[in-house]
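Every chain is numbered from 1 and lettered A, B, ... according to where its sequence line falls, protein lines coming before strand lines. Atom set for the values below is all heavy atoms of this structure, side chains included, hydrogens, waters and symmetry mates excluded.
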Number of protein chains: 2
Amino acid sequence: MVVDTLSDEQVDLLFHALADATRRDIVKRAIRGGHSVSDLASGYAMSFAAVQKHVAVLERAGLVTKTQNGRERLVRTDIATINQAAELLDEIEELWRSRVSRMSDLLALDPGETQ
Amino acid sequence: MVVDTLSDEQVDLLFHALADATRRDIVKRAIRGGHSVSDLASGYAMSFAAVQKHVAVLERAGLVTKTQNGRERLVRTDIATINQAAELLDEIEELWRSRVSRMSDLLALDPGETQ
DNA sequence: AGTATCTACAACCATTTGGTTGTACGTTAG
DNA sequence: CTAACGTACAACCAAATGGTTGTAGATACT
């Protein structure tokens with residue numbers, strides 16, 4: 001179930017791509033696929049080229065893929081990459097769970113703070 | 001179980017804070033707590049001030065908190081914020097699941113590709 | 001008291017980001 | 001063929017990032 005060993009640089013690209021509201025919106029809109037870049041661009045108050053750059057950032061991060069369809073490029077979200085990002089956070093939570101369960105930590109915590 | 005309604009700006013801060021290997025490492029090291037800023041700084045090949053800035057970025061994102069202890073500031077990871085980030089990605093995955101389950105999508109997918 | 005340690009913060013700098021406009025090229029429609 | 005559309009990419013610009021050094025204030029040690 002663990003897909004990982006993304007490099008630090010790849011993880012940087014991943015989270016950086018997600019750190020922008022427009023890009024997160026594009027990811028959601030591209031889940032169904034079938035949206036061209038200009039189709040996506042029409043939904044935002046910025047130039048086509050700006051949206052094109054956002055899509056490129058998402059593409060570099062592996063969050064979307066583009067497939068040519070005539071003169072358009074159809075954008076589709078790669079849900080597996082979203083899943084990898086979620087797993088990275090799960091790993092941190094797992095680390096938290098395992099470390100907090102040590103006796104020394106439990107003794108230092110208030111009774112209600114263990115969960 | 002849903003904790004959300006983080007603003008777009010807060011989500012930006014969250015993912016941006018996670019988009020740096022040094023900061024992700026600090027988050028992991030600060031899970032147990034008890035590390036001062038200079039303690040953390042000694043582990044990286046950069047100045048104290050640089051690490052201090054990284055901690056400030058994490059603090060603004062709500063990923064760590066600092067508590068004064070004499071002349072030091074002890075840094076501790078706020079696991080709830082990590083959880084919020086994970087939930088944001090889960091929401092996207094949920095969106096994917098719900099949309100992909102529409103008939104029009106199912107018809108276009110290979111039998112084994114629906115899960 | 002005097003010194004060393006930990007932190008905060010300002011100033012500075014090179015690079016990256018996120019936006020713009022303009023140009024060029026492939027593809028579709030008349 | 002010509003015109004319109006969708007895309008790619010370069011050049012440019014202001015602002016943010018990620019690093020540095022230097023200065024100053026609190027706290028602890030002897």
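Using a 4.5 Å heavy-atom threshold, the side chains of B:Met46 and B:Thr22 count as touching.
At D:dT7, none of the side-chain N or O atoms of A:Gln52 fall inside 4.0 Å of OP1 or OP2 (strictly under the cut-off). In terms of phosphate contacts, B:Ser47 brings a side-chain nitrogen or oxygen within less than 4.0 Å of OP1 or OP2 of D:dT20. For A:His16, no side-chain nitrogen or oxygen approaches OP1 or OP2 of C:dT16 to under 4.0 Å.
For the pair B:Arg73 CZ and C:dT7 C1', the computed distance is 6 Å after rounding to whole Å. In this structure, CD of B:Glu72 is placed 14 Å from C1' of C:dA4, rounded to the nearest angstrom. Counting to the nearest Å, the C1' atom of D:dG22 and the NZ atom of B:Lys53 are 13 Å from each other. Atom CG in A:Asn69 sits roughly 14 Å away from atom C1' in C:dG26 (whole-Å rounding). B:Gln68 has its CD atom 8 Å from the C1' atom of D:dA26, to the nearest Å. The distance from atom CG of B:Leu40 to atom C1' of C:dT7 is 13 Å, rounded to the nearest whole Å. Rounding to whole angstrom units, CG of residue B:Asp25 and P of D:dG18 are separated by 16 Å. Whole-Å rounding puts the A:Asp39 CG to D:dG6 P distance at 9 Å.
Among the heavy atoms of the strands lying under 4.0 Å from A:Ala49 is at least one base atom, whether or not backbone atoms are also near. Backbone-only contact: A:Ser38 has heavy atoms under 4.0 Å from sugar-phosphate atoms and none from a base.
Remark: side-chain polar atoms of A:Arg24 are paired, donor with acceptor, to backbone N or O of A:Leu18 under 3.5 angstrom.
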* Checking side-chain contact (heavy atoms from CB on, under 4.5 Å) for the pair B:Val37/B:Lys66: CA distance, chi angles, key distance, verdict? -> CA-CA 9 Å; B:Val37 180; B:Lys66 277 188 292 186; 4.3 Å; yes
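Of the inter-residue distances, the one linking B:Leu14 atom CG with B:Leu63 atom CG reads 5.0 Å to the nearest 0.5 angstrom.
If you check D:dT7, C:dT27, C:dC6 against the side chain of A:Ser36, the one that comes closest is D:dT7. Here the side chain of B:Phe48 is nearest to one of C:dT7, D:dC29, D:dA8, namely C:dT7. Residue A:Arg71 places its side chain closer to D:dA4 than to any other of D:dT27, D:dA4, D:dT20.
The only member of B:Asp12, B:Val11, B:Leu13 that meets side chain to side chain contact (heavy atoms under 4.5 Å, CB included) when paired with B:Leu6 is B:Val11.
DNA chain C is contacted by both B:Leu74 and A:Ala19; B:Leu74 maps to the nucleotide lying nearer its 5′ end (nearest heavy atom per residue).
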